[in-house]
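Read through the structure below, which is laid out as structure tokens, and then see the notes.
Letters go in sequence order (proteins before strands), and every chain restarts at 1.
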Amino acid sequence: MKKIYFDHNATTPVDPEVLDAMLPFLKEEFGNPSSIHWAGRNSRKAIEEGRDKVCRLLNCANLELIFTSSGTEGDNHAIKGVAYAKKEKGNHIITTKVEHPAVLNTCKHLAKDGFETTYLDVDSDGMIDLEVLKAAITPKTILISIMYANNETGVILPIKEIGDIAKARDVTFHTDAVQAAGKIPLDAQKLNVDLLTISGHKLYGPKGTGALFAKRGVRLVPLIHGGHHDRNRRGGTENVAGIAGLGKAAEIAMRDMEKESAQLSTLRNRIEKGLAEKIPHIKVNGHADKRLPNTANISFEFVEGESLLLNLDMKGIAASSGSACTSGSLEPSHVLLAMGLTHEMSHGSVRFSLGKSNTAGDVEYLIEIMPAIVERMRSMSPLYAGAK
Amino acid sequence: MKKIYFDHNATTPVDPEVLDAMLPFLKEEFGNPSSIHWAGRNSRKAIEEGRDKVCRLLNCANLELIFTSSGTEGDNHAIKGVAYAKKEKGNHIITTKVEHPAVLNTCKHLAKDGFETTYLDVDSDGMIDLEVLKAAITPKTILISIMYANNETGVILPIKEIGDIAKARDVTFHTDAVQAAGKIPLDAQKLNVDLLTISGHKLYGPKGTGALFAKRGVRLVPLIHGGHHDRNRRGGTENVAGIAGLGKAAEIAMRDMEKESAQLSTLRNRIEKGLAEKIPHIKVNGHADKRLPNTANISFEFVEGESLLLNLDMKGIAASSGSACTSGSLEPSHVLLAMGLTHEMSHGSVRFSLGKSNTAGDVEYLIEIMPAIVERMRSMSPLYAGAK
Amino acid sequence: MYSEKVMDHFSNPRNVGEVENASGVGTVGNPACGDIMKLSIKVENDVIQDVKFKTFGCGAAIATSSMVTELVKGKTLDEAERISNATVAEALDGLPPVKMHCSNLAADALHAAIEDFKKKAGK
Amino acid sequence: MYSEKVMDHFSNPRNVGEVENASGVGTVGNPACGDIMKLSIKVENDVIQDVKFKTFGCGAAIATSSMVTELVKGKTLDEAERISNATVAEALDGLPPVKMHCSNLAADALHAAIEDFKKKAGK
Ligand SMILES: Cc1ncc(COP(=O)(O)O)c(C=O)c1O
Ligand SMILES: Cc1ncc(COP(=O)(O)O)c(C=O)c1O
């Protein structure tokens with residue numbers, strides 16, 4: 001059966017060039033980068049080259065990068081790191097209702113330690129209101145953490161404007177850029193962000209890798225204490241092959257982003273238009289323009305998302321509802337609920353997230369098979385009768 | 001030039017079988033294990049198979065294993081996790097002076113949060129006194145963290161006895177088994193340990209992997225909050241290839257441990273004997289019997305370790321002084337100082353840690369070249385004159 | 001994640017629809033939890049002669065609905081009342097843990113339909 | 001981690017040993033920090049005619065010791081006094097940051113030797 005992967009926001013395949021960059025460090029170049037002998041030297045060099053490349057993607061200085069094992073670790077490190085470093089100054093954090101669980105659950109955990117979090121609402125486009133953000137800042141506010149691009153809808157938040165507000169009020173600003181990195185240009189310097197998280201496996205790098213940009217001067221309590229790695233900011237023997245791979249992935253992203261972005265948005269728009277033409281009662285979720293080029297989030301009224309996914313899977317199409325982390329769970333998407341969708345509509349959403357390998361043929365195949373799937377599920381739905 | 005690697009306690013090469021086990025998940029099997037579609041299913045299966053294998057190595061149940069990104073993360077997770085989970089009960093932690101920085105610096109960090117740590121002394125063999133341990137336990141003691149085998153000397157601590165003491169006093173017990181795993185048999189069930197840390201890259205697995213055994217019922221505040229991964233105990237998309245590799249490494253270790261252990265101790269003993277016969281003023285550090293089979297830690301009086309390592313490196317031999325994490329730093333080994341060595345002797349120590357690839361030829365080569373190196377460095381040492 | 005039986009019932013659900021002139025109808029679940037099941041039965045001489053379902057929900061919700069209709073067709077009301085959600089899950093070779101609570105409501109829908117029938121019949 | 005020059009001086013250290021009938025001897029460092037340097041000089045007409053070192057220490061310690069002996073041989077005392085630890089590190093194309101403080105003591109040893117000479121000479 002034909003297999004089509006429309007779930008690139010969940011994870012991406014490792015680029016063959018990335019794997020090539022990793023392999024030496026899974027074979028002969030196995031030394032510990034902290035070792036002074038021959039076996040360690042090339043490992044050390046690989047880390048520094050990987051660092052150079054990731055820094056080029058983020059436009060930051062080498063000393064400003066901490067390697068992590070995932071986007072989730074980066075988010076935890078940034079948020080807990082600032083919270084504990086600044087707890088004398090205040091205990092208030094501002095984030096949004098549409099963040100990834102890595103941010104939401106970290107804030108929830110911090111509540112047990114006396115921190116308070118304001119979760120900003122979003123409008124029906126998935127956008128926050130900057131005036132509400134401004135009004136939410138109090139003298140006790142130590143951190144704003146707002147994602148760059150939403151993983152479920154692809155909505156891009158106004159990071160530059162948020163950064164300006166944060167700077168004017170002297171509040172540390174973290175952005176979870178896990179979904180943005182590799183898909184749209186990032187510039188840590190221009191954005192007034194203090195901290196920025198990325199994850200390797202979302203940009204054709206290996207799982208188990210990530211990085212946290214931490215602007216020079218930002219105080220951060222380490223999440224993982226240990227040896228002198230990464231200037232005492234993250235203990236643990238470095239994942240050398242992973243870092244080499246992440247570096248290569250960053251390099252490739254820089255090189256290909258523009259071209260790919262144009263291609264993907266064409267395909268994505270075709271999906272949205274093609275499905276809307278053929279299937280009644282559907283709704284594209286998220287801001288029309290301020291969106292990642294690759295993401296389509298569509299609610300199919302009267303039916304539930306997982307059953308659509310299972311049907312798609314039986315036809316060889318991989319897609320998801322909500323984030324991969326929450327599929328398997330029964331809660332409707334917190335992101336779509338925050339955007340004002342009903343429970344039914346939130347449950348009935350499917351995310352198609354495109355990537356390098358996708359072709360126009362893939363998209364036409366989806367448009368061809370989807371109407372019958374939706375119709376079949378609707379015919380079984382007790383909610384559908386009235387709408388006919 | 002001939003290259004000989006005698007630094008297996010710093011890191012080990014990835015076993016080719018391990019790499020083979022990883023490769024599918026760096027190529028076609030790239031799905032997110034949380035995804036319900038075709039791309040995710042094999043990833044999920046790989047994780048569960050990796051888990052089975054690691055659990056077999058540790059003799060524990062599947063639900064008792066949390067995957068981590070390093071030994072350091074596991075140590076942090078265990079120690080902070082227990083400290084924060086039990087902080088209502090007490091604030092006292094007991095560890096030793098000879099732990100890895102992953103443990104020592106975590107305890108040091110916890111001091112800022114009101115936790116107090118007793119650092120147990122060791123004797124000249126590197127052993128702790130169990131009576132002193134017993135006496136150190138107070139009603140406020142919530143955690144004992146004592147390493148299974150020391151990374152610098154290979155000394156094996158009496159984990160079973162410590163576990164019995166901890167159990168009798170109802171104190172949670174963590175052991176850092178990073179150096180023990182794969183070298184000597186472990187049995188999480190028999191040992192009365194509540195928590196046990198291992199690291200992939202010390203047993204021919206990939207860097208960036210590790211696991212924490214947490215006995216059923218042990219309460220642990222997560223270190224990394226996020227999605228539902230590993231039953232909410234460690235957020236972040238799983239390093240599928242890494243876990244597959246770690247599993248394979250555990251399987252191989254189970255299979256080969258006994259044979260290898262016999263071979264390595266023969267080679268190790270030959271190094272110690274051979275060098276002692278040819279070089280005056282040297283001292284083998286650590287308990288004569290209760291020691292890992294692969295580790296020789298030798299002080300060469302009157303000379304400094306790094307300069308010996310550089311000389312060895314020029315002859316193609318990779319060895320280390322102290323732990324890899326602290327080489328590059330200027331402090332003498334805290335482990336050897338705790339064992340009562342003078343500063344000079346601590347500075348003058350070299351660790352030879354053997355592994356699979358080492359042969360009798362490697363060992364004879366070392367014994368052949370080492371005397372001249374030591375003599376050369378001694379001839380330059382202002383401390384040597386008096387001893388001649 | 002699902003057993004073959006679940007996938008079979010999901011892909012080829014038995015008895016989809018609404019029984020005409022139903023003797024009883026039961027609806028359980030709600031949109032918040034993501035599953036709504038509506039079961040209609042035709043009862044004659046205390047035997048369930050016909051049964052159909054409509055379900056909004058995930059794979060487990062649809063499969064359990066389908067399975068319960070197979071299990072009760074031709075059964076007496078007494079027999080049908082003894083079918084529990086656990087019976088249904090078992091008949092499907094089990095469900096993933098996360099699905100056991102919320103999506104495993106088909107027997108509840110059946111019992112609601114029987115109750116509805118009894119009320120209408122004045123029993 | 002070390003420059004080629006450092007490795008050259010480490011592998012082929014110049015002027016190892018002790019000057020006979022030294023005009024001055026300087027010893028700096030201590031075992032705790034891992035480096036001890038002993039420099040002996042032969043001074044004639046305020047010129048350093050000969051210089052030798054003995055060092056217990058890491059690669060940087062040995063290389064800086066060797067380098068300082070090269071730098072001062074034939075220099076006047078005035079010139080020698082102007083040589084700093086930084087001068088030595090520079091002449092070696094730099095040292096790793098972690099080595100800059102502790103192991104970069106060779107100029108200190110030189111100055112100590114000159115001072116010793118002056119004291120003995122009653123200057
Ligand atoms: C005893 C011990 N504990 C912990 C660690 C840390 O493990 P990792 O390098 O995987 O973070 C090491 C190795 O460096 C070790 O030897
Ligand atoms: C927006 C966002 N943040 C954080 C994460 C977590 O990244 P990782 O899977 O690398 O832990 C993800 C992906 O799941 C994400 O989409």
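Residue D:Gln49 qualifies as enclosed at atom CD: its count of foreign heavy atoms under 6.0 Å is above 12. Within a 6.0 Å sphere centred on NZ of B:Lys315, other residues, nucleotides and ligands contribute 12 heavy atoms or fewer. Counting non-hydrogen atoms of neighbouring residues, nucleotides and ligands closer than 6.0 angstrom, the CD atom of D:Glu79 exceeds 12 such neighbours.
Heavy-atom distances place no part of B:Arg378 under 4.5 Å from chain D, backbone and side chain included. Contact of B:Met380 with chain D is made through backbone and side chain together, with heavy-atom distances under 4.5 Å.
A distance of 11.5 Å separates SG in D:Cys58 from CG in B:Leu308, rounded to the nearest 0.5 Å. The distance from the CG atom of B:Leu383 to the OG1 atom of D:Thr55 is 10.0 Å, given to the nearest 0.5 Å.
Residues of residues 8-22 of chain D lying under 4.5 angstrom from chain B, judged on non-hydrogen atoms, are D:Phe10, D:Ser11, D:Pro13, D:Val16 in numerical order.
Interface summary for chain B: among D:Thr27, D:Ile36, D:Asn30, the most heavy-atom pairs under 4.5 angstrom belong to D:Ile36.
Proximity of B:Met377 to D:Phe56: side-chain heavy atoms (C-beta onward) are nowhere separated by under 4.5 Å.
The two residues B:Glu306 and D:Gly59 make their nearest non-hydrogen contact at OE2-N, 2.9 Å.
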